[in-house]
Structure formats: C-alpha cells, structure tokens
Amino acid sequence: MSQHDWRKSVVYQIYPKSFNDTTGNGQGDLQGIIEKLDYLAFLGVDYIWLTPVYESPMNDNGYDISNYFKINEQFGTKEDLETLIDESHKRNLKVMLDIVINHTSTEHEWFKSAYENKESPYRDYYFFRKSKDGQPPTNWESKFGGNAWQYDPVTDEYYLHLFDVTQADLNWDNTEVRRALYDIINYWIDFGVDGFRFDVINLVSKDEFKDSNKIGKEFYTDGPRVHEYLHEMNRHTFGDKEMMTVGEMSSTTIEDCIKYSNPERQELSSVFNFHHLKVDYVNGEKWTKGQLDFQKLKHILMEWQLGIHQGGGWNAIFWCNHDQPRVVSRFGSDATEALREQSAKMLATVLHMLQGTPYIYQGEEIGMTNPHFNSIDQYRDVESTNAFAEMKRKGYDAATILEILDQKSRDNSRTPMQWSNETNGDFTSGTPWIDVPDNVASINVEAAINDKQSVLYTYRRLIQLRHEYDIITYGSIEPLYIGHEQLFIYNRHYNEETWTVIANFSQKRVCLPEDLTVEGEIMVSNGELIDGKISGFGSIVIKRV
Ligand code: TEU
C-alpha cells in the first residue's frame with residue numbers, strides 16, 4: 001500500500017470557538033488556528049477538521065448555518081480561511097470542513113422565504129405538515145428535548161426540527177434541494193479543502209411521518225433512500241477527487257456503516273458511530289449518572305472492529321469530540337495527577353492501536369479533563385440548558401442535576417484550549433465565552449511540550465507508529481480474554497506479524513492472564529510490568545518476534 005494512503009492518517013479536530021482567540025473578544029478565530037499550525041505539525045497529525053465556521057446565529061455553535069457560502073465574522077474572513085489552508089498545506093496538513101446539510105438555521109434565506117408562506121418556492125425545501133387533531137403531525141421527540149415539530153401560525157402547519165427549534169430539517173426527497181446542497185460542497189472543493197465531515201448524514205432520508213411508540217428514530221435513522229442519496233452526492237461532488245470524507249452516523253448499524261464506507265459503493269470514506277460511548281448511560285438514557293460498563297465497551301468496540309473489517313468498510317475511531325465529555329474524566333480518572341497521566345496514556349494507546357482513522361479532539365492530546373463546573377450559570381450549550389430545565393420540571397434537585405451535567409454535558413469538551421499557565425490558559429486576552437478549568441495551571445500545552453514523559457509525547461509516538469507500521473492500518477484484529485474484568489487485550493495480525501495490546505482499565509495492579517506471554521519488542525508503553533502484573537492504568541504494545 002502506498003505511503004500516502006489516506007487510511008494511514010490521523011485527524012485532529014478543532015472547535016474554533018474554543019481553540020485560540022487573537023482578537024480578545026473571548027472566542028477563538030481562524031487566525032488563532034493559523035498561529036498554532038506549527039504545534040499541530042509537531043504533534044504529527046495529517047488532517048485538521050474544523051467544526052462549522054460558516055455564517056450562523058450560533059444557537060448551536062455553528063451547526064445552525066444561515067449561509068453556506070459565507071464565513072462567520074466572529075471567526076474571520078474567507079481570506080483567513082484561504083491562508084489557513086495554504087499554511088496548512090505548507091506543513092503537510094490537510095483541511096476538512098464540517099458540512100451540515102440535514103438541516104439549516106431558520107435564519108437561512110430558504111427558510112425565511114418558506115416560513116409563513118405556503119406559496120414560497122422554498123416551502124418544499126423543508127417538511128411542513130398539517131396538524132393532527134390539534135396536535136403536532138407526529139409524536140417524535142427533538143434530540144434536544146420537546147416535540148420535534150414547531151408550529152407556523154400563519155399557515156397553520158408545523159415544520160420538522162430533529163435538533164433545536166432553530167434547526168429546520170431539509171427535505172432531501174426534493175431533487176432541487178439535493179442539487180443545491182451539491183453546489184455547496186462543490187464550492188468548497190473548488191475553494192481548496194481536502195475533505196469533509198458530514199453532520200448527522202444518516203438522518204437525511206425520512207420515512208413515513210407516523211407516530212412512534214418510542215421517540216421516532218426508526219422513521220429517519222438510516223432511512224429508505226439514504227444510500228441512494230449518498231451515492232448520488234458522491235457522484236456529483238467529491239467522488240472522483242482525492243478527498244477524505246467521514247459521515248457522522250447517529251444510532252446506526254454495522255450493516256449500514258459497511259454500505260456507507262465500503263469503497264465499492266461510492267458513498268463515503270469512513271463512518272463515526274457512537275455505540276461505544278453510550279456505555280455509561282443508565283438504561284440507554286443520557287441524562288443519568290452512570291458508570292462505565294467495561295464489558296459492554298469492549299464488546300461493542302470489538303464487534304465494530306470485526307464487523308467493519310469483514311465487510312470492507314472503514315471506521316473513524318475516537319473517544320472525544322465536541323459533543324462528548326473528556327475521556328480521561330470519563331473512562332480513566334482525573335482524581336490525581338498521576339492517575340490522570342496514566343489513564344490518558346492508556347486510553348490513547350488502546351484507541352490508536354485499533355483499525356480505523358483515529359480522531360484526536362483538541363486538548364485530548366494533553367489529557368484535558370472535564371471542567372467540573374458547579375453552577376448552571378457556567379453552562380452554555382443549548383442541549384445542556386434544555387436538559388437542566390427538563391430535569392427541574394421532573395422534580396430533580398439542583399445538586400443532582402449538576403452532577404449529571406458534570407458527567408454528561410457537551411460543555412465538558414468545549415472549554416478553552418489550555419495553552420499555558422498564564423491567565424485563561426493564554427486562550428484569550430479578554431473574557432473567555434466559557435470558563436477555563438482550574439487545572440490549567442498544570443495541564444497546558446507548554447508544560448506538556450517541556451515534559452518528555454507527558455501525555456502529549458504518547459500521542460506523538462502513537463501517530464508516528466501508525467505512519468511507520470502498516471500493521472496498525474491494515475492488520476486484522478483478534479480480541480483476547482474478552483471477559484477479563486480489568487484488562488483490555490487484543491492482537492493485531494498482518495502478513496506474518498503479530499502485535500499484542502494490553503491495557504489495564506483499573507487503578508490497581510492487575511495480574512496478566514497466566515498463559516499470556518510478554519515476549520517481544522515493546523513499541524510503546526506506560527506503567528510497568530513487574531512479577532506478571534501490570535500497573536494501574538498501565539498499557540503496553542508488544543511486537544512479537
Ligand atoms: O451531533 C449529532 C448528535 O446527535 C449528537 O452527537 C448530539 O449532540 C448528542 O446526541 C446529543 O446528546 C451533531 C453535531 O456534532 C452536534 O454538535 C450538533 O448539535 C448536531 O449534530 C446538530 O447539528
């Protein structure tokens with residue numbers, strides 16, 4: 001396989017609003033990203049993915065787009081983005097943009113024309129439907145709480161919004177809509193970007209509008225025409241170009257993800273799924289205080305690794321993104337500095353030795369933690385504030401709600417990037433739009449660069465290994481001792497070679513299984529192996545000789 005095969009790449013996700021502010025307005029910007037490209041080149045990643053930077057009222061931090069051809073002034077200008085792309089390319093970094101086309105903002109021209117006007121040529125760009133016996137057309141729930149239909153009083157109809165009320169779902173069954181969306185993608189291809197991340201792209205084909213006995217997911221997830229649409233999109237846009245694409249797939253299946261990402265089908269290059277991150281939900285409910293179900297985590301990850309490998313698809317692999325709490329606080333421990341360091345390294349190793357394209361979310365590479373906010377006033381995210389109101393309505397006491405938010409809120413990952421131990425972590429010279437965690441004094445990029453034993457150097461090493469050894473990209477996977485209560489162990493096989501990955505998910509020393517030998521060359525490790533025991537949150541990767 002070629003040196004330049006995109007499958008050997010590692011992606012770094014940037015949430016521009018929280019990355020680096022150069023204007024002092026408390027919010028990050030494109031110039032701020034440009035300033036930090038040398039750092040990303042030092043880390044060694046191949047791609048950066050920017051979450052949406054288009055014009056937007058920012059009710060959902062840019063996932064509510066009002067103009068796909070304009071850059072949000074808060075982030076800068078088109079020239080800034082051009083410079084960002086050029087400067088990235090000089091450093092061998094490629095740039096992916098986020099494409100949000102399941103819905104537009106209700107501030108988008110199309111929606112503004114369609115709303116309160118049945119005769120608008122854009123009315124059929126969205127889903128406007130009549131009420132059912134004075135009730136919304138269906139009982140589907142919005143992913144951000146409440147019914148998924150909003151009333152339009154002038155026309156006496158409702159429009160569908162699977163997310164916030166200001167994010168109206170687009171009608172992909174209308175060929176004109178699809179054509180308009182392909183124009184957007186082609187515009188950014190011509191602009192010079194190298195790839196795309198497609199937001200909730202498996203929700204674009206809606207089935208019948210019928211009541212559900214759950215929340216409605218079955219009527220729009222991996223819907224009836226979704227594969228046809230993605231194939232069509234591929235053919236009309238990036239399909240024959242050298243572009244890496246990844247689709248964000250909500251509540252999907254292995255079977256569908258093979259279809260989305262098997263190259264023969266010409267849909268997308270790779271897929272994100274979230275099943276392995278729902279392992280601390282109680283009875284499948286996000287807004288609960290749960291604990292990691294370690295067996296479930298291993299089983300889900302392995303099922304997806306094996307299934308996608310066999311079906312010729314391709315996984316995007318990740319622990320963190322802008323919607324998820326920090327993994328070190330979540331599946332590791334941030335109780336002490338030593339536990340944080342060890343568990344962050346162990347989690348990095350387990351993930352980066354899997355097959356697929358690894359994504360690193362800004363700050364993960366230095367082991368950033370959840371901020372542990374203790375007041376609702378510190379939260380900004382619309383989903384979190386809605387959930388807070390909903391839990392209050394249900395009678396939860398404030399302390400319990402705060403504990404749940406501390407564990408589950410999307411704001412856990414949206415706090416500013418911690419660059420140094422200066423005021424506000426040197427993220428801004430002004431007042432940050434969301435608080436900087438107290439631990440910025442010790443957890444920051446500057447400190448991490450100066451300490452060769454830091455989490456940062458483990459990430460660097462893991463990226464280098466992927467670039468150097470084909471087994472990590474192409475090798476098959478073999479789960480071992482899957483029922484073990486503390487250890488996550490697997491082999492990778494490629495040609496005649498075998499690598500073994502051993503990771504301890506507990507704080508305590510744990511005995512290795514008796515018949516597991518540790519002979520071979522150690523490729524990366526944290527912690528120690530003494531008398532057949534592996535240290536708390538230790539991990540080791542052995543190349544068998
Ligand atoms: O997220 C889709 C999505 O369903 C989730 O990750 C969601 O945030 C979570 O289920 C809530 O519990 C994407 C974006 O990543 C997210 O930031 C946007 O808010 C959402 O789409 C709407 O565009």
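Atoms within each ligand, like the ligands themselves, are counted from 1 in listed order.
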Engineer: In the protein, what heavy atom is nearest to atom 7 (C) of ligand 1, and what distance, to one decimal place, separates them?
Structural biologist: Arg410 NH1, 4.0 Å
Engineer: Is it true that the side chains of Tyr122 and Glu109 contain a donor and an acceptor less than 3.5 Å apart?
Structural biologist: no
Engineer: I'd like to check which ligand 1 atoms, numbered from 1 as shown, lie under 4.0 Å from a non-hydrogen atom of His322.
Structural biologist: 14 (C), 15 (O), 16 (C), 17 (O)
Engineer: Which residue pairs pass the salt bridge (charged side-chain N to carboxylate O under 4.0 Å, His left out) test when at least one of the two sits in residues 163-175, sequence neighbours left out?
Structural biologist: Asp169-Lys206
Engineer: So, Ser142 and Asn147: side-chain donor and acceptor under 3.5 Å apart, yes or no?
Structural biologist: no
Engineer: Can a non-hydrogen atom of Met249 be found less than 4.0 Å from any atom of ligand 1?
Structural biologist: no
Engineer: With a cut-off of 4.0 Å, which atoms of ligand 1 are near a heavy atom of Val200?
Structural biologist: 2 (C), 21 (O)
Engineer: Nearest non-hydrogen contact with atom 22 (C) of ligand 1 belongs to which option: Phe272, Phe163, Trp287?
Structural biologist: Phe163
Engineer: Is it the side chain, the backbone, both or neither of Gln324 that has a heavy atom closer than 4.0 Å to ligand 1?
Structural biologist: neither
Engineer: Is there a polar contact between ligand 1 and Lys143, counting only N or O atoms under 3.5 Å apart?
Structural biologist: no
Engineer: Between Phe144 and ligand 1, find which residue part has any heavy-atom pair under 4.0 Å and reply side chain, backbone, both or neither.
Structural biologist: side chain
Engineer: How about Glu176 and Tyr125: does a side-chain donor come under 3.5 Å of a side-chain acceptor?
Structural biologist: yes
Engineer: Test of understanding: with side chain to side chain donor-acceptor pair (under 3.5 Å), list the residues that count as partners of Ser88, not counting sequence neighbours.
Structural biologist: none
Engineer: Evaluate ring pair (Phe, Tyr, Trp, His ring centres under 6.0 Å) for Tyr63 paired with His103, printing each intermediate quantity in order.
Structural biologist: CA-CA 9 Å; Tyr63 284 92; His103 44 265; 7.9 Å; no
Engineer: Among all protein heavy atoms, pick out the one at the shortest distance from atom 12 (O) of ligand 1; state its residue, atom name and that distance to 0.1 Å.
Structural biologist: Glu383 OE2, 2.5 Å
Engineer: Output the list of atoms in ligand 1 that are nearer than 4.0 Å to some heavy atom of Lys286, sorted by atom number.
Structural biologist: 11 (C), 12 (O)
Engineer: On the ring face of Phe209, is Arg129 found with NZ or CZ under 6.0 Å from the centre and within 45° of the axis?
Structural biologist: no
Engineer: Say whether, by atom type as modelled, one donor and one acceptor occur between the side chain of Thr253 and the main chain of Asp256 under 3.5 angstrom.
Structural biologist: yes
Engineer: What protein heavy atom sits nearest atom 21 (O) of ligand 1, and how far away is it?
Structural biologist: Asp199 OD1, 3.0 Å
Engineer: Considering only non-hydrogen protein atoms, determine which one is nearest to atom 19 (O) of ligand 1 and report residue, atom name and distance to 0.1 Å.
Structural biologist: Asp60 OD2, 2.4 Å
Engineer: Is Ser250 close to ligand 1, meaning an N/O of one under 3.5 Å from an N/O of the other?
Structural biologist: no
Engineer: How far is atom 1 (O) of ligand 1 from its nearest protein heavy atom, and which residue and atom name does that atom have?
Structural biologist: Glu248 OE2, 3.1 Å
Engineer: Taking only heavy atoms of His103 into account, list the atoms of ligand 1 that are under 4.0 Å away from them.
Structural biologist: 22 (C), 23 (O)
Engineer: Is it possible for you to check whether Lys286 lies under 6.0 Å from the centre of the six-membered ring of Tyr281, through NZ or CZ, and within 45° of that ring's axis?
Structural biologist: no
Engineer: Is it true that a side-chain atom of Lys210 and a backbone atom of Thr138 form a donor plus acceptor pair closer than 3.5 Å?
Structural biologist: no
Engineer: Only heavy atoms count here, so choose which of Asp64, Asp323, Val382, Asn102 is nearest to atom 15 (O) of ligand 1.
Structural biologist: Asp323
